[in-house]
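For clarity, every value in this text was computed on a predicted model and none was experimentally measured.
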Amino acid sequence: MFFMVAEGLVRPAVSCITCQGDAYMTQIPLVEMRGITKRFPGVVANDNVNIEAYAGEIYALLGENGAGKSTLMNILTGLYRPDEGEIYIRGEKRVFSSPKDAIDAGIGMVHQHFKLVYPFTVAENVILGQPTSTFLDMEKVEQAIEEISQKYGLWVEPKAKIWQLGVGEQQRVEIIKMLYRGANILILDEPTAVLTPQEVRDLFATLRQMADQGCAVIFITHKLHEVMAFADKITVLRGGKSVASLKKEDTTQEELARLMVGREFSRKRIPRKPAGDETILKIENLHALNDKGRKALDGVNLELKKGEIVGIAGVAGNGQRELAEVITGLRPATEGKVWLDGRDITNRPPRQIIDAGISHVPEDRLGMGLIPNLNSIDNVALKCYRSQEVGKLLLDTACLKERAAKMVADFNVKQASLYMPVKMMSGGNLQKLLLAREISNNPRVIVAVYPVRGLDIGATEAVHELLMQEREKGTGVLMVSEDLEEIFKVADRVAVMYGGKFMGVLPVEEAEVEQIGLMMAGSPGVGGVAS
Amino acid sequence: MDGNMLIGILAAAVTAGTPLLYAALGEIITERAGILNLGVEGMMLTGAVTGFIVAVSTGNPWFGALAAILAGGAVSLIHAILSVTFQANQVVSGLALTIFGTGLSGYLGKSYIGIPAPQTFSKFPLPVLADIPLIGPVLFNQDALVYFSYLLVPVIWFYIYKTKHGLNLRAIGENPGAADAVGINVFVLRYIYVVIGGMLAGLAGAYLSLAYAPAWLENMTAGRGWIAVALVIFATWNPLKAVGGAYLFGGVDALGYRMQAMGLDVSSFFLKMLPYIFTIIVLIFATTQTNKKHIGAPGALSLSYDREER
């Protein structure tokens, strides 16, 4: 086996089943979801997903951001209602019309964003919603909490207020809450996102203990090493579909990485002339911190040529977002330099960086890219209101309208009216409008973060075509993507990011999927053409 | 100022503070559930006019009070539907409710202006308690609705802080998502508490038209609904503190009349203005204090809850 760290902690799944000694538990899944489909406006979050989990085992639900993991679990916990599909608990069909039904069926969920009432004490949070007598007996609850704490090694102070606790402690409160409710199907959404390595080990030791006592534990994650270290069985979700269900023994980290990003795809490339030799953007030994103050970028080096598209691959959360933000001036670099056309633009204010010729298509197109409640004209104006052509003191609304209308026509943005709030538009049209605005500045470099996430095939094609057109004009494009097919199709070179570093930067023609999968899992690649 | 006059002012403070207290208690319950209802003034007026009309037609002030409670609850139901089911902006909906209540009460009460109430809630001393020096004549020589408020305050306090239902109430106001996830029906409970809040506002209105100044006058609440909303902040959403606040405001109100009665040469407009100035000063003071102590408004106050929001 490849993963040394994990070996000591992982017990073979077989022994878990036998230690139960309860025959039916091993045959009938404790929980089964069949053919689950859930649609949100413009998005199919779950598309005919099947999962099953047996008592005594730890399951990993693996997938990229937006693969539909959280939606699926929100259906299982009664928060969302599926459009299609069925849920079986111990072989019995159940319909959950509210979270209460799911709780009654023994399902407990620890959400990524904890569902705790912050001004309340631990004990008050635990007792909340429980069928107790009208008059609260907090001492009894506190005693029960201490019993659970001891049994599973989940130490918390029952009288403490939630806001006084650290995130690790808050998570323990959430788990205690579920155990107090007698949950035997425990779901954890990205449980390790906020934890230190030591806390992660403690958490999984606790979870293993629960599984041994007859629970089914399901945890949602996109971290491959955790899956290999702690799970017995794994279901991989991609694009809302369940693509594989595997036993841990039968798979490897590389295979999981490939499954996550897509294994069978055509390596169809858009034909192109070779990129230029002139370096536009140079990134040198770049370091930065994430929102929590931990290291996000750990020495990134890259040279982007004129008329070149570099695809940044990697599992989300390995520093891609931070890299884009540092380049665009939204996040300070703690070390290192960013050069644009030989000019140092490190830690310059965003306005100067925009003026220098860097355009940004952010990940969150309706939060950061466009203002949902403003119409197309105003959204377009956001980036050009300072130019002399649209007026000095007062904005020349006619000119702005003309600009917006031209962009809408040129980029084939479909909308009912220029005066309609952009939030009414579909994801594809939003992205086209955003790209139109960013391209209209004639940028030197475009930083596009997950530019086709959530878009349908038509819109994806259109976005790729736009990026290619920019490439032909000599613009450098940095494209963060979680989809290898996209990178193979559009990019000239691929840089694989892991742990805030590039594991390798290599021409797409020479890249092998297996090799990239390996680099995504943290093995340094051979193609060290980065700097 | 002699003892009798002091007792008189204090007793008047309690009387004048009682409608504020009822309205504030109702708003505390509503806001604890996470719903901001700025329609208190409208609900009070609707309660006042309904109470008065029913008391006049039945000759029984108790029927009047009951009708006011129902009327207040009915008006608040509009707010509940708009803000809980349709997730409308609660400020707008509340303001609309005030405007609606003011108009409705004016229309309903048109022919009742100037009619004296046949039977009102009159003051009677409580045996034994009324003989306690100072406290007796101030607190225990009042009318039945004042006595009822003495009972209601500790009951509501106990309910909010010491019972399971109170815990649920606070939870849906602080973090409805968390409450929902543990199976508490946020929607139904918010409806219930908005309506209870409206009922208490209705009763507050009835107190004005059946006990405090037993008659119907258009717009007779004169901003007391707004003072009650301010009182909730002053009381940091705690019913016990609302008592002190209500009597303090009542005292300022009563003081104005006393000063006029004593023949002090102060403009009556200034005296009428006093409670409102006082409200502003107290609010500035109270907000800086609560910000320091981290005991602010319920976390989800005035935010609609949508389970499937992404």
Side-chain angles (χ1 to χ4, degrees), chain A residues 38 40-43 45 66 70-71 74-75 77-81 96-105 107-111 113-121 123-138 141 161-164 173-174 177-178 180-181 183 187 366, chain B residues 28 31-34 84-85 87 89 154-192 236-238 290-301 303 305-310:
Chain A
K38 174 75 184 173
F40 288 103
V43 195
S70 296
T71 304
N74 280 333
I75 290 171
T77 50
L79 272 172
Y80 296 168
R81 288 197 205 191
F96 299 148
S97 55
S98 78
K100 195 171 184 316
D101 295 346
I103 293 165
D104 292 345
I107 295 170
M109 178 147 180
V110 177
H111 293 265
H113 304 288
F114 303 140
K115 303 265 182 187
L116 294 171
V117 183
Y118 282 74
F120 283 16
T121 65
E124 283 175 329
N125 268 285
V126 168
I127 194 77
L128 189 63
Q130 281 297 97
T132 51
S133 63
T134 299
F135 304 108
L136 295 174
D137 182 357
M138 293 319 288
V141 184
K161 295 240 159 69
I162 298 299
W163 59 267
Q164 298 169 321
V173 177
E174 283 283 48
K177 220 168 97 179
M178 296 311 149
Y180 186 88
R181 285 164 170 69
I187 303 161
L366 208 48
Chain B
I28 285 174
E31 292 194 13
R32 279 284 187 182
V84 180
T85 302
Q87 300 173 9
N89 183 314
V155 166
I156 292 178
W157 178 84
F158 189 83
Y159 181 87
I160 291 178
Y161 291 102
K162 298 290 171 193
T163 70
K164 178 179 77 172
H165 307 292
L167 192 69
N168 293 357
L169 163 63
R170 285 183 285 142
I172 61 170
E174 292 287 352
N175 186 345
D180 195 13
V182 293
I184 295 169
N185 195 328
V186 176
F187 304 100
V188 168
L189 285 187
R190 282 190 161 180
Y191 259 92
I192 290 173
T236 59
W237 294 268
N238 180 337
T290 50
N291 286 352
K292 261 185 219 155
K293 288 187 211 146
H294 296 285
I295 34 170
L301 182 60
L303 302 177
Y305 177 62
D306 182 0
R307 187 182 279 169
E308 296 210 358
E309 194 173 84
R310 305 214 317 162

Q: For B:A181 and A:P99, work out which heavy atoms get closest and say how close.
A: O-CB, 3.9 Å
**Q.** Which atoms of A:L116 approach chain B - backbone, side chain, both or neither, heavy atom under 4.5 Å
**A.** backbone
**Q.** Contact summary for B:N168 and A:G129, nearest pair of heavy atoms
**A.** OD1-N, 3.8 Å
Q | B:V182 vs A:K177, side chain to side chain contact (heavy atoms under 4.5 Å, CB included): CA-CA, chis, key distance, verdict | A | CA-CA 9 Å; B:V182 293; A:K177 220 168 97 179; 3.5 Å; yes
Q | pair A:K115-B:D180: side-chain heavy atoms closer than 4.5 Å | A | no
Q.
Need one label for A:T77: side chain, backbone, both or neither, based on atoms under 4.5 Å from any heavy atom in chain B.
A. neither
Q. Which pair of non-hydrogen atoms, one from B:A178 and one from A:V117, has the smallest distance, and what is that distance?
A. CB-CG2, 4.1 Å
Q: Under 4.5 Å heavy-atom distance to chain B, tell me which part of A:S70 shows up: side chain, backbone, both or neither.
A: neither
**Q.** Approximate separation, where rounding is to 0.5 Å, of B:L167 CG and A:I127 CD1
**A.** 8.0 Å
**Q.** Proximal component of B:F158, with respect to chain A [non-hydrogen, under 4.5 Å]
**A.** side chain
**Q.** Between A:M178, A:R181, A:H111, the one whose heavy-atom pairs under 4.5 Å with chain B are most numerous
**A.** A:R181
Q.
So for A:F135, is it side chain, backbone, both, or neither that comes closer than 4.5 Å to the heavy atoms of chain B?
A. both
Q: Considering only heavy atoms and a distance below 4.5 Å, find which of B:G166, B:A300, B:G177 pairs most often with chain A.
A: B:G177
Q. So what's closer than 4.5 Å to chain A heavy atoms on B:I184: side chain, backbone, both or neither?
A. side chain
Q: Identify the two heavy atoms, one from B:K164 and one from A:Q130, that lie closest to each other, and give their separation to 0.1 Å.
A: CD-O, 3.4 Å
